[in-house]
Each structure stands twice: as C-alpha cells, then as structure tokens.
Amino acid sequence: MILKNFWAHRRQNGFVFVEIALIAILSFYLIDNITVWAYGRYFCQAAGEFEKEHLLVGQTARLTPITTEADTAWQESSEEASIRIMSAEEYPKVMASLFAFRDEVRALPEVQSVCLTHEFIGDGTGSWRYHAMAPEADTTRTCSTYMDRFCLNECYFETMGLTAVAGASPSAESLSRETTPGSVVISRSLALQLFGTADVVGRRVVDIDYKPGPDGMDVQQTTHRTVAGVVEDVKPVEYERFHYIAFYPYSVLASNTPRMLIRLKPEADAGEFIAKHAQTVTTGTYAFASLMVYKDYLEKNIRTSDQYIILTLLGTLGLLFALNVVLGTLGTFWLQIRKRTEDLGIMRSFGAKRRHLFWMIWGKGALLTLLACIVGQFIWLQFAVSNGLADGGVRATSLRENDWVNTFWLHFLIVCAVQYLLLLAIVTIGISVPTLLAMYKRPVEALHHE
C-alpha cells in the first residue's frame, strides 16, 4: 500500500526527496562531529578513572624578588638552558624556598600527598599529533600517544591518583621515584595496544617524534626506552576518546613557579580546605596564586579549549539548522497533505481507520527519508574513500583499532544510523501535525476542501 501510494504521487515525492537529500548531505558532517564528541565526552570513560573531588590544583607564585644570579638565569631561560645552567649543587639552593612551601602544605592535617609538577593529566599540554610509540621488536606497529612528564621524587602517581596495574607493575609510589635511565611508564591501554598484554615491565619500546622539517614534511626522531611500569587507564583530556598515555620522568623542575597537586584525605572537604588555606599558606617567599578543585580545573580547561569552542559553535549551528529543517519539512508536508485532504476524506467515508491513514503517510515519509539519507551518505562515503579515511586515517601512526571511531565502517554505519533517526524524527514532526489535523476533520468537511 505504501509503495503503491509512493509511486502514484512520484512527482510530488520527487521534490520532497531532493529536499531531504540536500539536508542529508549538509547535515552529515555536523552529525558526525557531534556524535564523536558526545561519545568521547560522555560514554568513553576509563575504568580506572581516579577520584577527583579530593584532588586540588594550585598555581604557585613567588612573592619576593629574585636575588641570585643562578635563579635569574633559571627564570629567564628555556627549560633546556635552565637544566644546563643549574648544577646539582645549585638546584637545591635555588629551589629551597619552593620546597619549603611544598613541605608546609604537606604538613597540613587534611593533606594526604603533595606533588610539584608542570604537566599532569587533564591540563591539556600533551599532544597526539607529533608523538607515537612502537615495540622495539616491531616498529611498524605504532600507536599515537599522549605525552605526560613528571618530576622524580615528587609523589606524582599517588598524588594524581593513578594506580599501578596489580601484579604487572611496581606500585605507584615506586614509579614516582623511577630513576632508571631511559625509562617510561605507560597506561594499560597503550600496553595492550603495543604488546597485547599489560605485563610488559622490562620490555623495550621506541619513541617516535615527528618534527616539522624544512620542506614541510615530518622528520622522524626515535628514542629507545624501557617500560618501568603500567598504570590503569585515565583520560588525558575530558573530551578525548583515547587512553594511550606515556609518562616520562625528569630529574628537575623546569621553573621555580610550577603547579602543585594536592591529594586530600578522604574525610576532608575540598571547599572548606580552599576557603581556609588558599590565602593563608605561605612561607613569605611562596604562596598560591590560585587553588581549585581538579574537577573545576578540568571544566575551566574544557570551556576555554579551541575544540570546545568549535563544538559549541557547531552545536549552535546544528540547533538552528534543525529548527530550519523542522519548519521547512513541516511546511512541505503541510502543503502536500492539504492537497490530499479530499483523498483522506474519501478514504475515511469508505471506512478507513485514522491509524491506517497515518501509518500510510508516515511510511511514505520514512521511505523518502531512507532513500534521501542513502544518497547523502553515499556522497560522503566517496569523499572518505578518496581521502584515505576508509583505510585507517591520514597518518599511519594513529593505529587505534580498539576504538569504534577509528574502525571506519563501524563508525560510518553508526553515524548513518544516528543521522537517519534524527531526520526521521524531524520528518515525523513535519508529517504528524498536518496529518492529524486533516484526519480529524469530518468526512463531509474534507470532501468540501479545496
């Protein structure tokens, strides 16, 4: 019945088909981005996510003028130059005031652990694009990794709340003091991706850095390292999907105003701690420029990130686009059904039930939407194939086949299904209002409809 009705009004249906097909083509990119972002933000949560309410992030600030020559050089130079200038004897002297401030915070009764660091999970300083890792025995199997650096002897892993994989790695406390030259700590997902197991301590890996060359092409730089430990998965960035993280130990801090991570005891209240100590803890040389709960820090980072701003813009455009589509579809079907009011009246006068009429009209709309989506999705598929996306992505080092987003066909089919359901919902709205109004007219009134 639906197909017969569809063919009988093929000219009118052709105009509707073209309209929905154009909507399908224009909306696919938008729906793709929003689907992937929503998956990464709300559904792709690591099993080993740490407890965040009792972790604080503080920015240290120096209150007194810099006086020593070595300290001046430390502040004004780059990280590499700083490390070169500071000798093993000078470093403790220059940093003594900072370490005294750290120890004062550590001595507070609500504090469980403290760590001075420049980078930590969630601060957004790491990068996926220019770094990858591979097993030393098979350098063709590379995986893009997120880099995170920590300073030795600063209780990084236990303060951050990262836990070592039980039975396959030294404890978090031991990893924070890892001093083996060329060592690296990796996440469980990265270990599984590279070796197929989390029991990888002692195995050798190759770091691959991609540096822009003079001709614009990437130049590979490789470093061989030994896996010192494996920690449970955690998301490096809230809106990212992947848990492939490599942690690199450094012997010294890069500046004299690093950030401070503070892990509170379970019974402590983070809000009360901040209100009580944010302005009062000071050595006279150092104090907190800011102090906030780690969850609030993440939200602030997300709101100010380029990706969040872009996705917010896409979401706004998506809402406006959906509103226009709903109104346009409503108008299109309203005109079509008004022209068929007399037909509906005749069918009602011969005993046709309202629900049968509704499903007939809705079925035609669902079929039109399906055919239009197939056309739009086929066009986007040709674009994906021509740009190499169907072969695993533009960069061969981004092997993340454990994630549905990088399993191209699964990703493509999920986005196609989401698009079809969204457009079908919009078409249903456009069909339901005028159809119900027409069907609930008395047959005599419908037969007099012009």
Side-chain angles (χ1 to χ4, degrees), residues 2-41 43 241 307 310-337 359-394 403-435:
I2 293 175
L3 292 176
K4 183 179 178 181
N5 184 271
F6 183 86
W7 182 254
H9 300 88
R10 55 188 178 274
R11 178 172 294 182
Q12 294 178 0
N13 294 333
F15 291 111
V16 180
F17 169 79
V18 171
E19 179 183 345
I20 300 176
L22 289 173
I23 292 171
I25 295 170
L26 295 173
S27 66
F28 190 90
Y29 177 77
L30 183 69
I31 294 172
D32 187 7
N33 277 275
I34 293 176
T35 301
V36 172
W37 179 84
Y39 168 72
R41 180 71 173 87
F43 298 99
R241 306 182 300 276
Q307 184 170 352
I310 292 171
L311 286 169
T312 301
L313 179 61
L314 283 175
T316 304
L317 292 174
L319 289 175
L320 294 174
F321 181 78
L323 180 61
N324 278 282
V325 169
V326 170
L327 294 176
T329 306
L330 183 64
T332 299
F333 281 101
W334 193 295
L335 289 174
Q336 285 222 350
I337 293 170
W359 288 117
M360 179 185 69
I361 296 172
W362 182 86
K364 183 183 74 172
L367 181 60
L368 277 171
T369 304
L370 177 62
L371 295 175
C373 282
I374 289 174
V375 171
Q377 291 158 3
F378 180 77
I379 292 173
W380 276 100
L381 178 61
Q382 301 311 304
F383 172 81
V385 171
S386 64
N387 284 275
L389 300 178
D391 298 324
V394 177
D403 193 290
W404 69 270
V405 176
N406 240 68
T407 306
F408 175 79
W409 288 107
L410 179 59
H411 172 193
F412 181 74
L413 292 175
I414 288 174
V415 175
C416 287
V418 170
Q419 183 192 38
Y420 175 68
L421 292 175
L422 286 175
L423 292 184
L424 182 60
I426 292 171
V427 168
T428 300
I429 294 171
I431 288 174
S432 299
V433 177
T435 300

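Residues satisfying the side chain to side chain contact (heavy atoms under 4.5 Å, CB included) test with Ile379, not counting sequence neighbours, are Ile25, Val375.
Once rounded to the nearest 0.5 Å, the distance linking CZ of Phe412 with CH2 of Trp380 reads 10.5 Å.
The shortest distance between side-chain heavy atoms of Leu381 and Trp409 falls below 4.5 Å. The side-chain heavy atoms of Thr35 and His411, taken from C-beta on, include no pair separated by under 4.5 Å.
For residues 422-431, every residue pair satisfying the side-chain hydrogen bond (donor to acceptor under 3.5 Å, both in side chains) rule, not counting sequence neighbours, is listed here: Trp362-Thr428.
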List, one per line, each side-chain donor-acceptor pair under 3.5 Å for residues 417-426, sequence neighbours excluded.
from   : atom 1 : to     : atom 2 : distance (Å)
Gln419 : OE1    : Gln377 : NE2    : 2.8
Gln419 : NE2    : Ala24  : O      : 2.6
Gln419 : NE2    : Ser27  : OG     : 3.0
Tyr420 : OH     : Ala366 : O      : 3.3

Derivation of the side chain to side chain contact (heavy atoms under 4.5 Å, CB included) call for Cys416 and Phe28: CA-CA 8 Å; Cys416 287; Phe28 190 90; 4.0 Å; yes
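When ring centroids are compared, Phe378 and Phe383 stay outside the 6.0 Å threshold.
Nearest approach of Ala21 to Ala372, heavy atoms of both residues: N-CB, 3.4 Å.
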